[in-house]
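Beneath this line is the structure, given in structure tokens, with notes to follow.
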Number of protein chains: 2
Amino acid sequence: MDDSQLLDFFKALADASRLKIIGLLAQESFTVEQLAAMLKLRPSTVSHHLARLSKAGLVSARAEGYYNLYRLETSKLETIARRMLSREALPAIAADVDLEAYDRKVLTDFSNPDGSLKTIPAQRKKLTVILCHIAKSFEPEVRYPEKEVNQILARFHQDTATLRRELVGAGLLERQRGEYWKVQGSGNRV
Amino acid sequence: MDDSQLLDFFKALADASRLKIIGLLAQESFTVEQLAAMLKLRPSTVSHHLARLSKAGLVSARAEGYYNLYRLETSKLETIARRMLSREALPAIAADVDLEAYDRKVLTDFSNPDGSLKTIPAQRKKLTVILCHIAKSFEPEVRYPEKEVNQILARFHQDTATLRRELVGAGLLERQRGEYWKVQGSGNRV
DNA sequence: TAATTAATTAGATGAATATCGAATTAATTT
DNA sequence: AAATTAATTCGATATTCATCTAATTAATTA
């Protein structure tokens with residue numbers, strides 16, 4: 001569900017002392033003093049670690065006299081573990097990432113202000129991005145004679161023959177008897 | 001199994017950028033450049049993150065041309081998740097921790113060099129530690145008359161009556177008809 | 001072969017944080 | 001009420017590390 005809560009969880013466990021605390025509390029509840037003696041740390045340090053673990057929902061405290069008895073919240077551990085195993089939860093972490101950023105970068109890197117291409121990319125990966133972009137200039141369901149195709153491609157680069165060949169090779173344009181048309185559903189991603 | 005490998009795992013995921021990388025690779029393989037563009041980071045930074053993830057066994061690279069295509073190692077994720085869910089794996093994290101350190105600390109805090117007690121602890125938790133220690137001075141299977149019990153207890157503290165009463169109250173010593181004997185299996189932990 | 005390009009490595013810098021000692025708070029014992 | 005005690009909080013310090021730029025390596029294209 002939550003984005004930063006997962007990060008807090010991993011940050012909480014990304015420390016040798018805190019990991020040991022989790023291991024100890026998995027066996028039995030302990031007070032701050034006991035943990036400090038076993039880990040050979042100052043109580044203030046252990047208190048700090050427990051606060052972090054508590055903020056991540058991994059431990060909870062129960063006051064007993066003037067002791068504070070800490071216990072492990074196994075449910076939290078289980079929740080996260082199950083999330084790591086689920087197929088959908090992982091991609092959700094990157095939900096707010098801009099997936100098209102790379103394509104845009106390639107496009108601006110190779111385009112002049114007027115929209116024409118500086119050069120035709122040599123790398124397959126970049127060429128594909130450019131070709132997908134060019135394909136958007138073709139209407140679906142329309143059949144273009146070669147002369148019109150060249151007119152459109154000339155807006156991008158003088159070497160229309162190469163562009164035409166690559167568009168067909170990439171499966172973005174189809175050709176038959178001197179006529180061309182856009183392949184359905186080839187508007188966007190690779 | 002391994003101790004520091006688990007720590008490496010959590011450290012690897014304890015960063016917002018790396019967590020996003022995992023989320024992205026969960027959908028599809030990407031090159032360093034693509035990830036850099038999507039995350040708005042320099043390729044060198046992404047490379048550094050991928051190295052960390054790789055060291056933790058979370059991703060692997062496949063050379064393709066002069067691209068490096070990174071993919072997620074879901075098996076590693078599954079292994080750790082299952083370990084988090086298992087009852088035995090968690091306590092194993094603290095296998096090398098000195099569990100008796102607290103008891104030893106209490107013992108030295110309250111003992112004089114000759115082994116006698118400075119005072120009898122007021123806190124239940126500490127009193128129990130001391131009582132367990134004293135109980136070790138009694139042989140199993142042996143019945144002690146009260147006079148002998150007092151002789152042994154006097155080595156620890158003059159207030160033998162209190163010690164005797166507490167030992168019985170804690171269930172470490174049993175009494176019947178003026179004779180005392182050690183309760184089986186009460187030698188050590190609380 | 002020379003120029004370009006993806007990726008990694010090295011070095012530098014600033015931010016986060018693990019740990020400690022001291023001060024404070026709250027509960028217990030005398 | 002005064003003294004003791006467990007725990008937390010605060011301030012300081014040293015370390016770890018995320019990120020950047022620059023340099024280097026390795027592969028591809030011209």
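Quick note on labels: first sequence line is chain A, next is B, and so on, each numbered from 1.
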Practice prompt. Write down the distance between CD1 (Ile120(A)) and P (dT28(D)), rounded to a whole number of angstrom.
Written response: 21 Å

Practice prompt. Measure from NE2 on His49(B) to C1' on dT8(C) and round the result to the nearest Å.
Written response: 15 Å

Worksheet item: Tell me, do Arg71(B) and Arg62(B) make a side-chain contact under 4.5 Å, heavy atoms counted?
Response: no

Discussion item. Using only atom types and a distance under 3.5 Å, with no angle test, would you say the side chain of Asn112(B) pairs donor to acceptor with the backbone of Asp114(B)?
Written reply: no

Discussion item. From the set dA6(D), dT30(C), dT19(C), return the single nucleotide nearest to any side-chain atom of Thr45(A).
Written reply: dT19(C)

Worksheet item: With a 4.0 Å cut-off on heavy atoms, is Arg18(B) in touch with a base, just the backbone sugar-phosphate, or nothing at all?
Response: sugar-phosphate

Practice prompt. May I have the distance from Tyr66(A) (atom OH) to dA6(D) (atom P), rounded to whole angstrom?
Written response: 6 Å

Worksheet item: Between dA7(C), dC20(C), dA30(D), which nucleotide has the shortest distance from any of its atoms to the side chain of Ser47(B)?
Response: dA7(C)

Discussion item. So Ser44(B), base contact, sugar-phosphate only, or nothing? Heavy-atom distance under 4.0 Å.
Written reply: base

Practice prompt. Walk me through it: do Arg155(A) and Ser116(A) pass the test side-chain contact (heavy atoms from CB on, under 4.5 Å)?
Written response: CA-CA 6 Å; Arg155(A) 299 207 299 260; Ser116(A) 67; over 6 Å; no

Discussion item. Tell me if a side-chain donor or acceptor on Lys118(A) pairs with a main-chain N or O of Asp109(A) at a distance below 3.5 Å.
Written reply: yes

Discussion item. Nearest whole Å is fine: how far is dA6(C) P from His48(B) NE2?
Written reply: 22 Å

Practice prompt. Calculate the interatomic distance between Phe30(A) atom CZ and dA6(D) atom P; express it in whole Å.
Written response: 16 Å

Worksheet item: Rounding to a whole Å, what distance do you find between Leu19(A):CG and dA18(C):P?
Response: 13 Å

Fill in: Short side-chain N/O contact to dT17(C) OP1/OP2 from Lys11(A), under 4.0 Å
yes

Item to complete: Determine, using ring centers only, whether Phe30(A) and Tyr70(A) are less than 6.0 Å apart.
Response: no

Worksheet item: Of the candidate nucleotides dA7(C), dA18(C), dT8(C), which contains the atom at the shortest distance from the side chain of Tyr70(B)?
Response: dT8(C)

Worksheet item: Taking the side chain of Glu33(B) as its heavy atoms from C-beta onward, which of dT8(D), dT21(D), dA6(C) lies nearest to it?
Response: dA6(C)

Worksheet item: Looking at the side chain of Asn68(B), which of dT28(D), dT19(C), dA7(C) is the nearest nucleotide?
Response: dA7(C)

Worksheet item: Within the structure shown, what part of the strands sits under 4.0 Å from Arg52(B) by heavy-atom distance: base, sugar-phosphate, or nothing?
Response: sugar-phosphate

Discussion item. Measure CZ/Phe10(A) against P/dT17(C) and give the value in whole Å, please.
Written reply: 16 Å

Worksheet item: Between Lys126(B) and Leu41(B), which is nearer to the 5' end of DNA chain D once each is assigned its nearest nucleotide?
Response: Lys126(B)

Item to complete: Can you tell me the distance, in whole Å, between the NZ atom of Lys125(B) and the P atom of dT28(C)?
Response: 14 Å

Worksheet item: More 5' along DNA chain D: Asp15(B) or Arg124(A), using each one's nearest nucleotide?
Response: Asp15(B)

